[in-house]
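Presented below is the structure to which this report refers.
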Amino acid sequence: MTKHLLLGQTLGFSGNPLLGDLADSVDFDSAGGVLVEDDRIIATGNGAILRADHPDADITDYGDALISAGFVDAHMHYPQTGIIASWGKQLIDWLNTYTFPEEARFSDRAYADEVAGRTLDLALAHGTTTLTSFCTIHPQSVDAFFEAAAARNMAVIAGKTCMDRNAPDNLRDTAQTAYDDSKALLEKWHGVGRANYAITPRFSPTSTPDQLAALGALWAEYPDCLMQTHLSEQLPEIAWVKELFPQARDYLDTYEMFGLLGKRGLYGHAVHLQDREVARLAEVGAAVVHCPTSNTFIGSGLFDLMGLAKASLTVGLATDTGGGSSFSMLRTMAAAYEIGQLRGQALHPAQLMWLATEGSAAALKMSGQIGHLGKGAVADMTVIDLQSTPAIEQRSAHTHDIWDAVFPTIMMGDDRAIKDVWIAGKPQRV
Ligand code: GUN
Ligand code: ZN
């Protein structure tokens, strides 16, 4: 079997820099190497030593570019690719004005195929190797996404978005059809190749208690699936949830009451959590997903990253396109930094890179498999040019260490910074 050796500056993690000491959690080598065999990373270390030990390996020398695990987007909506950056609305109006009319178009399988392929190609161009996506109410929108991902050998997580109220007629299913369709799709796709199915109630305002209960029952039948939804994103939404579920203790309880709170739960946004919600999420080991460009773009609020991380919550990072305003996880890290600053928390570049790789993988319960630059992980990698534009290049003349070299690319970089992407041991762009 041919071995490949990638040479460059390598950045991986052996611990969580949000919680522990930077020196104990970061594996950085300014002259590093990543040895790949088949679809896996079999070693990382000093480039010259790996080269001497494996003279048979094919070599790709990326010079002083940074080799990282591929970015893992833990929450997005591929059907909203076409309406990204739509002006002037907050959450509920934004859904009704832009999102629902666009999602209705996914009854057309050919349109779903086209947008699924376009979204995955945009993700790759931005260095993202795994997407976790909501689809639409239409089962064929799920097939379209999983098929497009399989054609690219990308690890993806997705599910049919279920809604049986407070949505247009053509975007509503029922409790029973949500259960039946989700179950059929789950059986068809979960664990097939690099696909994983996530049971996907959109959010509690668009599901009746019956539908939430049906999906809770389905999750109990397939507990190794993820369950993804939205939680406490915007204040008017939270007030609406209170009206719709007067008996619930809080927003999280609208899921908990129906069997939709668990370790493999992924709760997008989680901007305005109550103490009980934080404690319960931590207790069950569920994950919340930080969607910073969306939270500013839709006007939702300032996610408390450090507070939640210190409360032992698993936190992933996500674009939330098309509510999020960028396909780039670099731009997403920049927005997380900016929100941190507004909360008096200056996130370190290592913490941002960890969130975009290891943090999201942990949220997806895929630690060590993806988002990891280390032995045994699938060789999904992103190679980052740290001088990709004139503005970044002139700034790099003033850098004094690797973090100072990486940070301008986090703040100002985009798809031009992505020099190469590897999917399961195969380079995509060289
Ligand atoms: N809450 C329910 N649906 C959505 C969605 O599509 N995007 C965002 N940002 N929030 C939601
Ligand atoms: Zn979302």
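Just follow the structure's listing: the first ligand is 1, and inside any ligand the first atom is 1.
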### Message
Within the 4.0 Å heavy-atom shell around F203, which atoms of ligand 1 are there?
### Response
1 (N), 2 (C)
### Message
With salt bridge (charged side-chain N to carboxylate O under 4.0 Å, His left out) as the criterion, how do D224 and R264 come out once you've worked through the C-alpha distance, each side chain's angles and the decisive distance to 0.1 Å?
### Response
CA-CA 7 Å; D224 66 321; R264 301 179 75 80; over 6 Å; no
### Query
L226 versus N196: any side-chain heavy-atom pair under 4.5 Å?
no
### Query
Would you say E233 and ligand 1 have an N/O pair spaced under 3.5 Å apart?
yes
### Task
Can you sort out which atoms of ligand 1 are near H77, meaning under 4.0 Å from one of its heavy atoms?
5 (C), 6 (O), 7 (N)
### Task
Report the distance from atom CG of L352 to atom OG1 of T332, rounding to the nearest 0.5 Å.
10.5 Å
### Euclidean distance, H75 NE2 relative to S294 OG, rounded to 0.5 Å
7.0 Å
### Message
Just verifying a value: how many Å separate M333 CE and F407 CZ, rounded to the nearest 0.5 Å?
### Response
11.5 Å
#### Entry: Distance filter under 2.8 Å, centred on the Zn ion (ligand 2) - protein N, O or S atoms that pass it
H75 NE2, H77 NE2, H230 NE2, D320 OD1
### Message
Evaluate W94 for polar contact with ligand 1, using N/O atom pairs at a separation under 3.5 Å.
### Response
no
### Query
What do you reckon, does E237 put a non-hydrogen atom under 4.0 Å from ligand 1?
no
### Task
Pick one of side chain, backbone, both or neither for how T206 approaches ligand 1, counting any non-hydrogen atom pair under 4.0 Å.
neither
### Query
Should one rank M163, Q234, R202 by closest heavy-atom distance to atom 3 (N) of ligand 1, which comes out on top?
R202
### Message
Can you see whether Y267 engages T229 through a side-chain donor-acceptor pair at a distance of less than 3.5 angstrom?
### Response
no
#### Entry: With Y78, the ring pair (Phe, Tyr, Trp, His ring centres under 6.0 Å) member among F327, F146, Y111, F106
F106
## Note on the structure
To the nearest 0.5 Å, atom CD1 of I298 lies from atom CD of E233 at 5.5 Å
### Task
Check each of R152, K188, R109 against E147 using the salt bridge (Lys or Arg N to Asp or Glu O under 4.0 Å) test, and report the only one that passes.
R109
### Task
Look only at interatomic distance and state if T99 has a nitrogen or oxygen under 3.5 Å from any nitrogen or oxygen of ligand 1.
no
### Query
Do W240 and N166 meet the criterion of a side-chain donor-acceptor pair at a distance under 3.5 Å?
no
### Message
Distance under 4.0 Å to a non-hydrogen atom of D320: what atoms of ligand 1 satisfy this?
### Response
8 (C), 9 (N)
